[in-house]
2 protein chains.
Amino acid sequence: MASRAKATIFDIAREAGVSKSTVSLVLQGSGLIRPETAVKVRKAIEDVGYVYNRGAANLRKAHSNVIGMVINDLTNPFFAELAVGMERVFQSAGIVPFIANTAENPVRQEEVLKSLMEQGVAGLIVSPARGTTPGAFRRLETAGVPIVFAMRRLPESRIPVIAPDNHRGAYLATAHLIGKGHRRLVFFGGSPDLVVYHERLGGFREACETLGIAARDVLIIEGETSRKGGIACLETALTMAEPPTAALCFNDAVAFGALLALRKRGLEPGADFAVVGFDDVVEAEHYMPALTSVAVDSAGLGERAAHVMLKMIQSRTTRAEDHIGAVNLVVRESCGPDRRTRNRPAGPGVTV
Amino acid sequence: MASRAKATIFDIAREAGVSKSTVSLVLQGSGLIRPETAVKVRKAIEDVGYVYNRGAANLRKAHSNVIGMVINDLTNPFFAELAVGMERVFQSAGIVPFIANTAENPVRQEEVLKSLMEQGVAGLIVSPARGTTPGAFRRLETAGVPIVFAMRRLPESRIPVIAPDNHRGAYLATAHLIGKGHRRLVFFGGSPDLVVYHERLGGFREACETLGIAARDVLIIEGETSRKGGIACLETALTMAEPPTAALCFNDAVAFGALLALRKRGLEPGADFAVVGFDDVVEAEHYMPALTSVAVDSAGLGERAAHVMLKMIQSRTTRAEDHIGAVNLVVRESCGPDRRTRNRPAGPGVTV
DNA sequence: GCCTATAAATGGAACGTTCCAATAAATCAA
DNA sequence: TTGATTTATTGGAACGTTCCATTTATAGGC
């Protein structure tokens, strides 16, 4: 069915009795060729089992049609959702994005970026790895490759960013907690090497200040941005002299960890200690108790990022507006019932 | 710093005062060039901001260095783990795998495969989308591209498969349930269009038969392989005349759904109804109650798949042995305590 | 000092496309 | 018929690399 060596447009040309140029035209769907000829050529293509060589084509063509998606943690469902959103719009544009994972490792990110460049990508959507140095994208920028950052930004970069309104989200969540009567609050997880951390923490602080929480009652406990980190944060919070009664968590993973640690100690999340998450991953709704969280619409942000990228490519520019996505707090059960009419026995006591 | 048009080896050659061939040799790390010359060339490369054009190179070279990873559901943490395992070994081989998502859609899969082929991939690791037609990979096979299936297989294909021992895993889990005293069992979730379904269901059935469960006491409820599916399965199970007391779930997502539905009804997972999952995703350990599940070591399977692929590429063959990975049951809390000495108040009552 | 062996560097052809300019064929105006 | 116009098709050069066969420089043997 297929000869040993891979077929080229010359083979097709011979098979169909036309010239290579004609075949090329057919391949590109040009309207210049006579319909009957096109049919003949297409049949030949089928017969010889031809596969288009995009590398060769890119040698002549201005731009390739691959877009790279560089993601810092594939394992986080949050980013998977982002990816799904992007793919939705790229698919309808007839392009297949290639995803590469950096596993939160700047060195790996360097390799990935290099590889993608060598492949001749038309554009890059990147959620930069933690600890990315400011110069990491210089190479790409001078090469004129359109880049957009998704979800995360770099300290002093001019690359357009698509991200949720972290400050506002944190403010909203904190205000909710305060509205529930909490007066001693803590921020769980994350660390200052992440711009997002400052944004969320900033919202938390602003809410505390403007809503009248005394500075000595607002606590901050850094930690890993994972379940494990959340568990650790809660442990240290509860061993304090005057423990807080509510936590805003850096993200849902941290929140899940906190919930878990609470349960382990025999405390009732929501009733004995309020926790709110950030990101509102699908799981949040299904947790026990269901997690109150700041929804950021990651799939929507993914779509937006893809659109911006498409626009940049087509207008061959490397600049674009930032886009800060709306957020909203979805209230579930992890901050306790609205009414203060609970009457349950005290938890079995703190055991550590 | 960088001129407008992108630099080629000719530009480097001029800059360094050598020939293009010399530059090419340096690029390939050939030992033929004098060290001082190499240094000079490398400096020039840096100066002009050169980026290697792999497309052009592949025009001459036998094989490219891209490997594609085609995954049916990026959203499932299970597959993310698989991807992570693969990346680990590819990274140490100096190659960057490109991941593409098919979202369980055969049409999308077709596009993805086509795009990857055109890109000239050296090999493909694929977890085929549900409903993939038997001929979907013919094109690739005749083109001689090495392929390995991971986690899933196609009904009558000769492509090598790396997958867990689903049959044995299901057997183990079922035996555990029976050992706990359960006599009326159900299999939750999945549908017959998946080979994996038959394998797992087969193990379940065999265990029931050989361990003396009457045929009329083994139930099967098909459903989506998601939390939602699990919820639905449990609902229909409990409305039966003689409800089962234990379920083996198609995967952990289904199991989480079942656990959730149980809680919603005020039943205590483990005590009132036993559930065991399959895959042992990281989350299983952290669930409430912690989920007993069949561990398949997906990262390990990913590594194995990557190794097999590397071997195939280097020995330029398209055949390889299947590899069935060991599984083991990790017992946690979702099947109840070992001792039957529990004494807790009945749950707060069924509210739905 | 000459010949040979080795080491280092080079020019040219090839890879599979696209695109432009040019040709061939068909149609039309006179 | 002839020339002009439109419609289809075509050959050739170019894209940025690799690889082979040469050439040039360096060293070694006698």
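Lettering of chains follows the sequences in order, A, B, ..., and the numbering in each one begins at 1.
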Intermediate values then yes/no, side chain to side chain donor-acceptor pair (under 3.5 Å), A:Glu111 and A:Ser115: CA-CA 6 Å; A:Glu111 296 171 3; A:Ser115 177; over 6 Å; no
Candidates C:dG16, D:dG12, D:dT10 - which lies nearest the side chain of A:Val18: D:dT10
B:Val89 versus B:Glu303, closest heavy-atom pair with distance: CG1-CA, 3.5 Å
Any N/O donor-acceptor pair, B:Arg34 side-chain to C:dA8 base, under 3.5 Å: no
Side chain A:Lys6 and base C:dG16 donor-acceptor under 3.5 Å: no
pair B:Ile125-B:Phe90: side-chain heavy atoms closer than 4.5 Å: yes
Of the listed nucleotides C:dT17, D:dT17, C:dG16, the one nearest the side chain of A:Phe10: C:dT17
Gap between atoms CD and C1', on B:Glu118 and C:dG16 respectively (whole Å): 13 Å
Side-chain heavy atoms of A:Ile67 within contact of A:Leu310, under 4.5 Å: yes
Value in whole Å for how far the P atom of C:dT18 lies from CG of A:Leu25: 9 Å
5′-ward residue of the pair A:Pro35/A:Lys20 relative to DNA chain D: A:Pro35
Whether over 12 other heavy atoms sit under 6.0 Å from A:Glu321 CD: no
Nearest-angstrom distance from the residue atom CG of B:Asp11 to C1' of D:dG16: 10 Å
Sugar-phosphate, base or nothing in reach of A:Ser21, heavy atoms under 4.0 Å: base
Dump every N/O contact between nucleotides 23-27 of chain D and the protein below 3.5 Å, one line per pair.
none

Side-chain N,O (B:Gln28) to OP1/OP2 (D:dT17) below 4.0 Å: no
Sugar-phosphate, base or nothing in reach of B:Ser24, heavy atoms under 4.0 Å: base
Touch class at under 4.0 angstrom, heavy-atom based, for A:Tyr52 against every strand present: sugar-phosphate
Spacing of A:Leu59 atom CG relative to C:dC19 atom P, expressed in whole Å: 12 Å
Residue mapping more 5' on DNA chain C - nearest nucleotide basis, B:Arg60 or B:Thr22: B:Thr22
Mutual orientation of the aromatic rings belonging to B:Phe98 and A:Phe98 [parallel < 30°, tilted 30-60°, perpendicular > 60°]: parallel
With sequence neighbours excluded, residues passing salt bridge (charged side-chain N to carboxylate O under 4.0 Å, His left out) with B:Glu118: A:Arg54, B:Lys114
Sugar-phosphate only, base, or nothing, as touched by B:Ile9 at under 4.0 Å among non-hydrogen atoms: base
Whole angstrom value for the distance that separates C1' of C:dT17 from CD of B:Gln119: 14 Å
Atom-to-atom span, CG of A:Asn58 to C1' of D:dA14 - whole angstrom: 15 Å
Value rounded to 0.5 Å, distance of CZ in B:Arg42 from OG1 in B:Thr37: 10.5 Å
d(NZ, A:Lys61; C1', C:dC20) in whole Å: 16 Å
Distance in angstrom units between B:Asn53 CG and C:dT17 P, rounded: 15 Å
Presence of A:Thr8 side-chain N/O under 4.0 Å of C:dG16 phosphate oxygens OP1/OP2: no
Touch class at under 4.0 angstrom, heavy-atom based, for B:Leu27 against every strand present: nothing
